[in-house]
Amino acid sequence: MFIQKLHKLQAQWAKEVVIPQESRLTYFLSRPMLVLDIQYEGEKAYLGASLLSPNQAPIDLIGQSQAGLAYIPGLFCFREGPPLLAFVKKIFQHKALPRPALLIIDGHGIAHPQKLGVATWLGLRLQIPTIGCAKRSLLPYHGELGEERGSTLPVMLQGEQVGEVLRTQEGINPLFVSAGHLIHLEDAHQIMLYLPGAYRLPDALRQADQLARAAARKERLERVISLGECEAEF
DNA sequence: GCGACAG
DNA sequence: ATCTTGTCGC
Ligand SMILES: [Mg+2]
């Protein structure tokens with residue numbers, strides 16, 4: 001069946017994932033990073049992004065594309081991957097925008113049954129470091145998470161830690177962080193805690209979500225760069 | 001076999 | 001994700 005072929009593709013791609021041993025935190029924190037999210041209206045995909053550069057105001061970006069497959073848990077990369085890829089490529093081509101050295105995506109990286117979440121998929125396609133940040137876990141985890149900000153619990157897969165449950169604000173439900181590609185969990189952890197914000201989700205993710213939502217409602221936005229239609233590649 | 005299951 | 005107002009609790 002078609003679904004089985006997609007699983008096989010994921011298993012094949014998972015072999016290409018690179019999780020470095022060394023930290024590059026100082027590098028990541030000194031370069032622009034792009035935080036992404038999507039909203040849908042039928043098959044239309046509306047993209048929103050916050051481009052963060054050190055000591056500069058965030059740049060708001062929106063765009064539109066077409067959803068990939070219907071949503072199937074575990075095969076999320078085939079739905080959101082293509083539109084995200086088209087959007088990011090267009091951002092890279094835009095000569096007036098700084099080129100991000102890291103992408104943060106609303107979804108999982110390798111904290112996935114096949115170690116192929118949407119953040120990993122996008123990292124592989126672009127060969128750029130990516131972090132997956134989800135609001136719910138796909139994999140089981142156990143233990144008592146501390147109430148203070150920064151508390152974590154490991155998310156395991158076949159004896160290997162593939163992600164973490166991370167409390168970003170005291171007494172607030174945690175997020176699920178995992179490396180996507182070309183970065184390790186420790187750096188991803190530090191970066192998620194470094195991102196500004198007083199709520200469960202870092203401000204940049206909230207902003208990306210709101211931008212995508214505003215784009216879906218076709219609102220007239222100021223100080224937002226619209227990249228228009230982004231042709232999704234299968 | 002059944003239920004769960006990122007967005 | 002989306003359909004959608006008020007409402008309960010800190
Ligand atoms: Mg989302």
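Order of the sequence lines fixes the chain letters, A, B, ..., with proteins taken first and strands second; residue numbering starts at 1 for each chain.
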Using a 6.0 Å distance limit plus a 45 degree cone around the ring axis, check whether A/Arg136 lies over the aromatic ring of A/Phe176. no
Answer with yes or no whether the side chains of A/His181 and A/Glu16 bring together a donor and an acceptor at under 3.5 Å. no
Could you check whether A/Leu69 gets within reach of a base, just the sugar-phosphate, or nothing at all, counting any heavy atom under 4.0 Å? nothing
Taking 5' to 3' order, which nucleotide of DNA chain B is first and which is last to have an atom within less than 4.0 Å of a heavy atom in chain A? B/dC5 to B/dG7
Look at all strands and tell whether A/Tyr71 reaches a base, only sugar-phosphate, or nothing, counting heavy atoms closer than 4.0 Å. base
Judged by atom type as modelled, is there a donor-acceptor pair below 3.5 Å linking the side chain of A/Ser151 to the main-chain atoms of A/Arg167? no
Using a cut-off of 6.0 Å, state whether more than 12 heavy atoms not belonging to A/Tyr199 lie near its atom OH. no
Applying a 4.0 Å non-hydrogen cut-off, can you work out what A/Gln39 is touching in the nucleic acid: base, sugar-phosphate, or nothing? sugar-phosphate
Is NZ or CZ of A/Arg24 both nearer than 6.0 Å to the six-membered ring centre of A/Phe28 and within 45° of the ring axis? yes
NZ or CZ of A/Arg213 within 45° of A/Tyr46 ring axis and under 6.0 Å: no
Looking at A/Glu229 and A/Lys44, is any side-chain nitrogen of the basic one under 4.0 Å from a carboxylate oxygen of the acidic one? yes
Readout for nucleotides 3-10 of chain C: B = base within 4.0 Å of protein heavy atom, S = sugar-phosphate only, - = neither; 5' to 3' it is --------
What residues form a side-chain contact (heavy atoms from CB on, under 4.5 Å) with A/Gln4, not counting sequence neighbours? A/Met1, A/His7
